[in-house]
Participant: 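Following this message is one structure expressed as structure tokens.
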Amino acid sequence: MAKVTFNEDRCKGCGLCVTACPKKLVQLSNRMNSKGYHPAEITNQEACIGCASCAIMCPDTVITVQMK
Amino acid sequence: MDFKKTKGLTDAPLHYCPGCTHGIIHRLVAESLEELGVLDRTVGVASVGCSVFTYNYFNCDMVQAAHGRAPAVATGIKRARPDDIVFTYQGDGDLAAIGTAETVHSAARNENITIIFVNNAIYGMTGGQMAPTTLPNQITQTSPYGRDVTVVGYPVKVCEMLSQVDGASYVERVAVNNVKNIMKAKKAIKKAFQNQIEGKGFSLIEVLSTCPTNWGKSPADAIKWLDDNMATYYPLGVYKDKEATKND
């Protein structure tokens, strides 16, 4: 199983990770981070296949993927 | 797969606009340097444009060159310190406009340096003016009715041009518009640095990049525009590889 973490304060809410996820598990949240953007979050951690597509697509290296 | 931030990047937050693919390209360069184990003997040369602040982001020694002059500065550094790994990171407004002469001649001399050329078909930092690489009919601040090639001429295709220069060793065009292409771009960038370590001479990697803010598009639409327009006008692929030709 994979664990995906977002360094939320670095996120600019561009949404490229949302389009990159093959399982459609990433979305922009309703809350705001310290920059005033809506940070990305994962909706269903259990369903994540750990492909790291979101992290590869992220321009701001917000995302860390760890295989357990 | 495991994925964590490379040691080749500092902790400074990138100043780029949301969805700008500069950040992806930064990461690919930094990962390549880290994987090749040359971070402590690398000198990067920053250009003028949005990428001017790269000296804050790469975890290696950096120099800032005058507009377009990065390959000339890199030439000096490499010749004075041949054991160092020297690269330039330049945009299209820098490399393909005011810096065309430096680029072509460093290729002609087959300087043993690596050039990362980020092409987003527009001047980003100054607010979206028409660049030498702006596509025909593309709307920019200074071409509000689209680029009229009968008045301002045609875009400069840097890889095609440099592939005709005998000195150039390795010239490839890649894009960072999807995960597959990002993996390919990483491979090309790493090879360009490997070439320098092996003393094979001039390597240039052109990376097709987006500029959502100045293209007036959302980050996702900008990626699509790159797919539909840029990648057809600027075909991806290896334009020159002296090593491969030698083995044929």
Side-chain angles (χ1 to χ4, degrees), chain A, chain B residues 1-31 34 50-51 57-59 118 120 124 175-187 207 209-213 215 217-224 226-227:
Chain A
M1 205 192 97
K3 188 176 175 353
V4 183
T5 44
F6 293 78
N7 185 356
E8 285 199 354
D9 279 339
R10 286 290 179 89
C11 180
K12 294 173 185 162
C14 72
L16 291 185
C17 52
V18 178
T19 56
C21 179
K23 294 283 181 186
K24 308 276 176 253
L25 301 175
V26 186
Q27 66 177 19
L28 297 183
S29 71
N30 289 324
R31 60 183 181 281
M32 272 188 187
N33 65 10
S34 58
K35 287 180 197 278
Y37 295 116
H38 294 288
E41 62 182 10
I42 184 159
T43 52
N44 184 355
Q45 188 77 68
E46 273 67 47
C48 175
I49 54 170
C51 68
S53 292
C54 54
I56 290 166
M57 202 67 207
C58 176
D60 293 277
T61 39
V62 166
I63 307 168
T64 308
V65 183
Q66 240 179 334
M67 297 303 282
K68 283 196 257 185
Chain B
M1 67 187 261
D2 280 325
F3 185 99
K4 63 173 199 267
K5 189 172 176 174
T6 164
K7 289 189 181 77
L9 289 173
T10 63
D11 282 334
L14 304 182
H15 73 284
Y16 302 110
C17 302
C20 170
T21 46
H22 256 307
I24 301 176
I25 305 163
H26 278 32
R27 180 171 60 75
L28 300 182
V29 171
E31 281 178 354
E34 188 193 5
C50 288
S51 55
Y57 307 139
F58 287 120
N59 212 355
V118 180
N120 60 8
V176 286
N177 53 342
N178 57 46
V179 174
K180 189 177 157 207
N181 279 347
I182 292 174
M183 304 288 233
K184 277 191 190 165
K186 166 80 180 290
K187 214 173 141 199
V207 189
S209 176
T210 63
C211 183
T213 301
W215 290 358
K217 295 180 184 347
S218 73
D221 287 347
I223 293 278
K224 192 171 179 316
L226 190 156
D227 273 337

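Below, chains carry the letters A, B, ... as their sequence lines are ordered, and counting in each starts from 1.
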Participant: So, for G19(B) and C14(A), which heavy atoms are closest and what is the spacing to 0.1 Å?
Facilitator: N-CB, 3.1 Å
Participant: Which heavy atom of P59(A) sits nearest to which heavy atom of C20(B), and what is that distance?
Facilitator: CB-O, 3.2 Å
Participant: Assess whether atom CG of N30(A) is packed by more than 12 heavy atoms of other residues, nucleotides or ligands within 6.0 Å.
Facilitator: no
Participant: Which heavy-atom pair separates K5(B) from R10(A) by the least distance, and what is that distance?
Facilitator: NZ-NH1, 3.5 Å
Participant: From D60(A) CG over to H22(B) NE2, what is the distance, rounded to the nearest 0.5 angstrom?
Facilitator: 12.5 Å
Participant: For D11(B), is it the side chain, the backbone, both or neither that has a heavy atom under 4.5 Å from a heavy atom of chain A?
Facilitator: both
Participant: Pick one: which of N178(B), I223(B), T210(B) meets side chain to side chain contact (heavy atoms under 4.5 Å, CB included) with L16(A)?
Facilitator: I223(B)
Participant: As an exercise, state the distance from OG1 of T64(A) to NZ of K4(B), rounded to the nearest 0.5 Å.
Facilitator: 9.5 Å
Participant: Measuring heavy-atom distances to chain B, does A2(A) have an atom under 4.5 Å in its side chain, in its backbone, in both, or in neither?
Facilitator: neither
Participant: So which part of C58(A) gets closer than 4.5 Å to some heavy atom of chain B, the side chain, the backbone, both or neither?
Facilitator: backbone
Participant: Taking side chain as everything from C-beta outward and backbone as N, CA, C, O, which of these in I63(A) sits under 4.5 Å from a heavy atom of chain B? Side chain, backbone, both or neither.
Facilitator: backbone
Participant: So for I182(B), is it side chain, backbone, both, or neither that comes closer than 4.5 Å to the heavy atoms of chain A?
Facilitator: side chain
Participant: Measuring heavy-atom distances to chain B, does S53(A) have an atom under 4.5 Å in its side chain, in its backbone, in both, or in neither?
Facilitator: both
Participant: Kindly indicate whether the side chain of Y37(A), heavy atoms from C-beta on, has any atom under 4.5 Å from the side chain of P18(B).
Facilitator: yes
Participant: Apply side chain to side chain contact (heavy atoms under 4.5 Å, CB included) to M183(B) and I56(A), showing your working.
Facilitator: CA-CA 8 Å; M183(B) 304 288 233; I56(A) 290 166; 4.0 Å; yes
Participant: With rounding to the nearest 0.5 Å, note down the distance linking OG1 in T61(A) to CZ in F3(B).
Facilitator: 7.0 Å
Participant: Counting heavy-atom pairs under 4.5 Å to chain A, which of I25(B), T21(B), V176(B), L14(B) comes out on top?
Facilitator: L14(B)
Participant: Determine the option with the most heavy-atom pairs under 4.5 angstrom with chain B, choosing from K3(A), M57(A), Q66(A).
Facilitator: M57(A)
Participant: If I compare all heavy atoms of K35(A) with all of P13(B), which pair ends up nearest, and what's the gap?
Facilitator: NZ-CB, 4.1 Å
